[in-house]
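A, B, ... follow the sequence lines: proteins, then strands. Residue 1 opens every chain. Reckoned from all heavy atoms, side chains included, excluding hydrogens, waters and symmetry mates.
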Protein chains: 2
Amino acid sequence: MSAHTDHAHTAAAPHDHAHCVADALTRADALCAERGARLTILRRRVLELVWSSHRPRGAYAILEDLSQQDGKATAPLTVYRALEFLVDQGLVHRIESLNAYVGCAAPGASHSGQFLVCEGCGDAAEIDDPSIRSAIDAAATVRGFRVQRPTVEVRGVCKDCQEKHP
Amino acid sequence: MSAHTDHAHTAAAPHDHAHCVADALTRADALCAERGARLTILRRRVLELVWSSHRPRGAYAILEDLSQQDGKATAPLTVYRALEFLVDQGLVHRIESLNAYVGCAAPGASHSGQFLVCEGCGDAAEIDDPSIRSAIDAAATVRGFRVQRPTVEVRGVCKDCQEKHP
DNA sequence: GCTCATGATGTTATTTTATAACATTTCTAA
DNA sequence: TTAGAAATGTTATAAAATAACATCATGAGC
Ligand SMILES: [Zn+2]
Ligand SMILES: [Zn+2]
Ligand SMILES: [Zn+2]
Ligand SMILES: [Zn+2]
């Protein structure tokens, strides 16, 4: 069995993050190839920067990284367009309540877009809980509402932060 | 029994909206009095403007209304501060995915903050579905996450809009 | 190889949304 | 009435996102 287990990595838990990012990029390469979507150099760089931490990152933070790497100013649109592509491909999620973006832990699989957002450390743990999804679907169906994109963002305090500040 | 029934009004369904707004203001008066919170003239006016439709409204739209009523420019902060108060009191909800605000249909009661947001008509129907809430609580508990404020915003198409564009 | 249509990126300017810092006014309770 | 606190006014700025248009890259078809 691989050293990389299935359990989700977090910003807090120490782990081989380079591997983590490399995995994400490899998955993205495979998925885009499979779909005929063009994961260009720029988009791939932006994806890598989104993954640079396990925390949600703002578009302008990514913009700064990009500008610094290139030694010249990059325009916001450059980043926003790349992010739009990545979100459309399901490689990145946008956290609405933070105006920020985070790499998807399981692209390809169904994305319900559920996050536990910690007020303490800023971590946004992606979960995919079928019972939340089915409860939403049921509530929508009863009201004749056709679901396109359910968003669940739960603000609170993660386990680690609770232990640190009891 | 009152002419006003319990079922939720929507922007689409014709109804006595003046009554609708008056009710919201009366409820707000009562709640704030009960809590010793100060629903000042300004805050009450902003609440009324939030309720001016059943659709989410942006802070700057409310700002324009306010400026027009007074015949002079109002500063954004004026509106944002009032909105902050109203959100804190649970009289208004912020729809994160729209950067907009909508009157709460049932202030005082527990607010889980669940919305069905229609892409067609812009309506944001507030629901309070216990099974969604308990599914979220269960998922959080399993992960040791302490829930403070769950946000559910479901994008899709409402019943009316589906019937209009089949 | 060329050629053109399409998609991607560059460039400049602007819009939309939200907050900071500090002054003044209003309310409340002692 | 008179602090002290809360609310509002004022001015300036920050943060997030998009519009409009030009240029460049890519790849299918010839
Ligand atoms: Zn990692
Ligand atoms: Zn935390
Ligand atoms: Zn109404
Ligand atoms: Zn609709």
Side-chain angles (χ1 to χ4, degrees), chain A residues 28-29 32-33 35-50 55-67 69-89 91-102 122 124 151 153, chain B residues 28-29 32-50 55-67 69-89 91-102 122 124 153:
Chain A
D29 286 333
C32 288
R35 294 170 181 166
R38 291 166 60 183
L39 185 60
T40 61
I41 306 287
L42 178 62
R43 290 167 173 171
R44 204 169 185 278
R45 283 178 68 201
V46 169
L47 178 59
E48 187 172 11
L49 290 171
V50 168
R55 294 196 170 86
R57 305 200 71 207
Y60 278 74
I62 291 165
L63 180 62
E64 274 189 30
D65 292 347
L66 212 54
S67 297
Q69 285 183 359
D70 293 349
K72 63 174 178 176
T74 308
L77 254 189
T78 302
V79 169
Y80 279 105
R81 287 196 281 223
L83 287 171
E84 184 184 20
F85 169 86
L86 296 169
V87 169
D88 284 348
Q89 295 297 324
L91 298 168
V92 164
H93 291 290
R94 175 180 159 79
I95 310 290
E96 300 291 347
S97 57
L98 295 175
N99 293 339
Y101 301 81
V102 69
T151 297
E153 295 176 11
Chain B
D29 286 333
C32 287
E34 192 179 313
R35 294 171 182 165
R38 291 165 61 184
L39 185 61
T40 61
I41 307 286
L42 177 62
R43 290 167 174 172
R44 204 170 184 277
R45 283 178 68 201
V46 169
L47 179 59
E48 187 172 10
L49 290 170
V50 169
R55 294 196 170 85
R57 305 200 70 208
Y60 278 75
I62 292 165
L63 180 62
E64 274 189 30
D65 292 346
L66 212 54
S67 298
Q69 286 182 357
D70 292 349
K72 64 174 180 180
T74 309
L77 253 189
T78 303
V79 168
Y80 278 105
R81 286 195 282 222
L83 287 171
E84 184 184 19
F85 170 86
L86 296 169
V87 168
D88 284 348
Q89 294 297 324
L91 298 167
V92 164
H93 291 290
R94 176 179 160 81
I95 311 288
E96 300 291 348
S97 57
L98 295 176
N99 293 339
Y101 301 81
V102 69
E153 297 177 9

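For Asp65(B), the side chain to side chain contact (heavy atoms under 4.5 Å, CB included) criterion is met by Leu49(B), Arg57(B), not counting sequence neighbours. Taking the side chain to side chain contact (heavy atoms under 4.5 Å, CB included) definition, one finds that Glu48(A) meets it with Val21(A), Leu25(A), sequence neighbours left out.
Going from atom CZ of Arg35(A) over to atom C1' of dG7(C) covers 18 Å, rounded to whole Å. Look at OH on Tyr80(B): it is 11 Å from C1' on dA16(D), rounded to the nearest Å. Across the protein-nucleic acid pair, Arg57(B) atom CZ and dA18(C) atom C1' stand 18 Å apart, rounded to whole Å. At whole-Å resolution of the value, CD in Glu64(B) and P in dT17(C) are 10 Å apart. Leu63(A) places its CG atom 15 Å from the P atom of dT9(C), with the value rounded to the nearest Å. Rounded to whole Å, atom C1' of dA16(D) lies 15 Å from atom CD of Glu84(A). In this structure, Asp70(B) places its CG atom 11 Å from P of dT10(D), rounding to the nearest Å.
Taking each heavy atom of Arg94(B) and Asn99(B) in turn, the nearest pair found is NH2-OD1, 2.9 Å. Closest non-hydrogen pair, Leu98(A) versus Pro56(A), comes out as CD1-CG, 3.8 Å.
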Donor-acceptor pairs under 3.5 Å, side chain of residues 35-47 of chain B to any protein atom, not counting sequence neighbours: which ones?
residue	atom	partner	partner atom	Å
Arg35(B)	NH1	Gln89(B)	O	2.8
Arg35(B)	NH1	Gln89(B)	OE1	2.8
Thr40(B)	OG1	Arg43(B)	N	3.3
Arg43(B)	NH1	Arg38(B)	O	2.7
Arg44(B)	NE	Asp29(B)	OD1	3.0
Arg44(B)	NE	Asp29(B)	OD2	3.3
Arg44(B)	NH2	Asp29(B)	OD2	2.7
Arg45(B)	NE	Gln69(B)	OE1	3.3
Arg45(B)	NH1	Asp70(B)	OD1	3.4
Arg45(B)	NH1	Asp70(B)	OD2	3.4
Arg45(B)	NH2	Gln69(B)	OE1	2.7
Arg45(B)	NH2	Asp70(B)	OD1	2.8

Leu91(B) vs Val50(B), test: side chain to side chain contact (heavy atoms under 4.5 Å, CB included). Steps then yes/no.
CA-CA 10 Å; Leu91(B) 298 167; Val50(B) 169; over 6 Å; no

Run Glu96(B) and Ile95(A) through side chain to side chain contact (heavy atoms under 4.5 Å, CB included) and show every step you take.
CA-CA 9 Å; Glu96(B) 300 291 348; Ile95(A) 310 290; over 6 Å; no

Tyr80(B) and Tyr60(B): side chain to side chain contact (heavy atoms under 4.5 Å, CB included), yes or no, with the steps?
CA-CA 9 Å; Tyr80(B) 278 105; Tyr60(B) 278 75; 3.3 Å; yes

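Side-chain N or O atoms of Thr74(A) include none that pairs as donor or acceptor with a backbone N or O of Leu63(A) at under 3.5 Å.
Defined by atom type and a distance below 3.5 Å, a donor-acceptor pair is missing between the side-chain atoms of Glu153(B) and Thr151(A).
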Taking only nitrogen or oxygen atoms into account, show me every contact under 3.5 Å that the protein makes with nucleotides 2-8 of chain D, one pair per line with its distance.
residue	atom	partner	partner atom	Å
dA7(D)	OP1	Arg43(B)	NH1	3.2
dA7(D)	O5'	Arg43(B)	NH2	3.3
dT8(D)	OP1	Thr40(B)	OG1	2.5
dT8(D)	OP2	Arg43(B)	NE	3.4

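Stacking of Tyr60(B) onto the six-membered ring of dT17(C) is present: less than 5.5 angstrom between centres, less than 30° between planes.
Across its full length, the helix from dG1(C)-dC30(D) to dA30(C)-dT1(D) shows an angle of 30° between the axes of its 5 terminal pairs at either end, rounded to 10 degrees.
Glu84(A) CD to Leu77(A) CG: the interatomic distance, rounded to the nearest 0.5 Å, is 10.0 Å.
Nearest-nucleotide assignment on DNA chain D puts the 5′-proximal partner with Leu77(B), out of Leu77(A) and Leu77(B).
Taken residue by residue, residues 94-101 of chain A places no heavy atom nearer than 4.0 Å to DNA chain C.
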